Structures are given as structure tokens and as C-alpha cells.
Amino acid sequence: MPTALLPRPDGSVDWLDRPRPKGNYGMGAFYKSIDTVLWGRKTCEMALDFQKKGVSATAFDTRVKN
């Protein structure tokens, strides 16, 4: 089930901020079914910026468990 993250021309991904229905679109089950996530440079840099800002439950937060 491959997906692509397409940011707006200005690089923002604000369209991802949407309501979380019960089951959260099934992403929890999906992430438990895979062992590798491949990111591009900009996505990785954005995750690192979140980490530097102290945003909880982000990609490199060691407290987050699958």
C-alpha cells in the first residue's frame, strides 16, 4: 500500500491536519505491519526540526511505541 506525501508548492503540509476518526484511518495497524519507512531529505529535515522544537510524539521521539 504505497502512498506519497505531496506538499503544497510552498512546502507546507497543513492539509494533513484533519479530524482523527475512530481507528485513525488504520495507520496504527499499517505501521505495525511494516518494518521500514523511507523518507526523502525534506521530510527527514522537517522531522528533525520538530524534534529540535520539542514537539512530542514525532518521528524521533523514543517514547512513541508502535
Side-chain angles (χ1 to χ4, degrees):
M1 178 167 72
T3 59
L5 173 61
L6 301 174
R8 296 185 190 281
D10 67 358
S12 70
V13 291
D14 60 332
W15 58 270
L16 288 173
D17 292 331
R18 57 185 183 234
R20 291 184 175 201
K22 185 177 179 181
N24 198 20
Y25 299 100
M27 291 305 290
F30 170 70
Y31 280 123
K32 287 179 182 181
S33 74
I34 61 174
D35 63 4
T36 304
V37 176
L38 181 63
W39 288 350
R41 178 185 55 84
K42 288 183 180 183
T43 304
C44 187
E45 288 174 354
M46 183 175 62
L48 289 170
D49 284 342
F50 283 152
Q51 183 185 33
K52 288 177 190 173
K53 293 175 184 175
V55 178
S56 64
T58 57
F60 302 110
D61 188 338
T62 57
R63 297 167 293 175
V64 175
K65 304 290 181 213
N66 276 342

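Just so you know, these numbers come straight off a predicted model, no measurement behind them.
- Other residues, nucleotides and ligands place no more than 12 heavy atoms under 6.0 Å from the CG atom of Asp35.
- If you chain together hydrophobic residues whose side chains sit under 4.5 Å apart, Phe30 and Val37 fall into the same group.
- Here the CD-CH2 distance, from Glu45 to Trp39, works out to 12.0 Å after rounding to the nearest 0.5 Å.
- In this structure the side chain of Val13 never reaches within 4.5 angstrom of the side chain of Arg8, judged on heavy atoms.
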